[in-house]
Amino acid sequence: MSRFLIEIRVTPRKGILDPQGKAIHHALHSLGWSTVDDVRVGKAIHLELEADDADAARSEAEAMCRKLLANPVTEDFELLQVEEAGA
């Protein structure tokens, strides 16, 4: 078994109301950054887990996202990084 570091990005699905994103967008415009067209707010999740290999680590993390870490109705998730710890 090896230890893997996994970075996950969870974002609201397109078309889903994103009140935090809208509030930040409005605030940025109020502060003079009128060139910002859109803001989406999500979350970053960093996992450290043991698995036989990177594929197994990725598979486990995806299962965690589908069952707990992301709401499948309103959010999308993406595994940004799966790397062996200390590599």
Side-chain angles (χ1 to χ4, degrees):
M1 287 262 190
S2 298
R3 183 164 294 281
F4 290 89
L5 304 174
I6 301 172
E7 183 178 357
I8 302 164
R9 177 173 45 207
V10 179
T11 55
R13 289 186 169 209
K14 290 205 181 276
I16 298 289
L17 181 63
D18 179 4
Q20 282 185 299
K22 292 293 180 201
I24 291 170
H25 181 250
H26 180 73
L28 289 172
H29 275 240
S30 296
L31 293 170
W33 283 290
S34 59
T35 56
V36 177
D37 290 331
D38 190 27
V39 178
R40 305 287 288 169
V41 175
K43 56 189 169 190
I45 300 170
H46 297 263
L47 297 176
E48 186 173 335
L49 60 85
E50 289 186 2
D52 289 334
D53 55 36
D55 288 339
R58 177 179 296 276
S59 186
E60 259 196 87
E62 287 175 349
M64 291 175 194
C65 288
R66 278 189 232 97
K67 290 185 178 179
L68 177 69
L69 302 176
N71 181 335
V73 176
T74 61
E75 297 174 317
D76 290 320
F77 68 88
E78 180 180 5
L79 301 186
L80 299 177
Q81 182 179 3
V82 177
E83 70 178 22
E84 194 166 341

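Keep in mind that what you see is a predicted model, and the values were worked out from it rather than measured.
Under the 4.5 Å side-chain contact rule for hydrophobic residues, Leu17 and Val10 do not share a cluster. Residues Leu47 and Met1 are members of separate hydrophobic clusters, defined by side-chain heavy-atom contacts under 4.5 angstrom among Ile, Leu, Val, Met, Phe, Trp and Tyr.
Take Glu78 and apply the salt bridge (charged side-chain N to carboxylate O under 4.0 Å, His left out) test, not counting sequence neighbours, and it matches Arg9. By the ring pair (Phe, Tyr, Trp, His ring centres under 6.0 Å) test, His26 is found to be paired with no residue, residues two or more places apart in sequence or in another chain being considered. With sequence neighbours excluded, the residues satisfying side-chain contact (heavy atoms from CB on, under 4.5 Å) with Gln81 are Glu7, Glu83. In this view, Gln20 satisfies the side chain to side chain donor-acceptor pair (under 3.5 Å) rule with no residue, not counting sequence neighbours.
To the nearest 0.5 Å, atoms OG1 (Thr74) and CZ (Arg13) are separated by 8.0 Å.
Applying the salt bridge (Lys or Arg N to Asp or Glu O under 4.0 Å) test to pairs two or more places apart or on separate chains, none has a residue in residues 15-40.
The hydrophobic cluster around Leu5 extends to none of the other residues, as no ILVMFWY side-chain heavy atom falls under 4.5 Å of it. Other cluster members for Ile16: none, since no ILVMFWY side-chain heavy atom sits under 4.5 Å from it. Summarising the hydrophobic clusters (Ile, Leu, Val, Met, Phe, Trp, Tyr; side-chain heavy atoms under 4.5 Å, direct or chained), the residues clustered with Ile24 are Leu28, Leu31, Trp33, Val36, Val39, Val41.
Annotation for Val73 and Asn71: closest pair N-OD1, 2.9 Å, computed over non-hydrogen atoms.
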Which side-chain N or O atoms in residues 49-67 pair as donor and acceptor under 3.5 Å with protein atoms at least two apart or in another chain?
from	atom 1	to	atom 2	distance (Å)
Glu50	OE2	Arg3	NH2	2.9
Asp53	OD1	Asp55	N	3.2
Asp53	OD1	Ala56	N	2.8

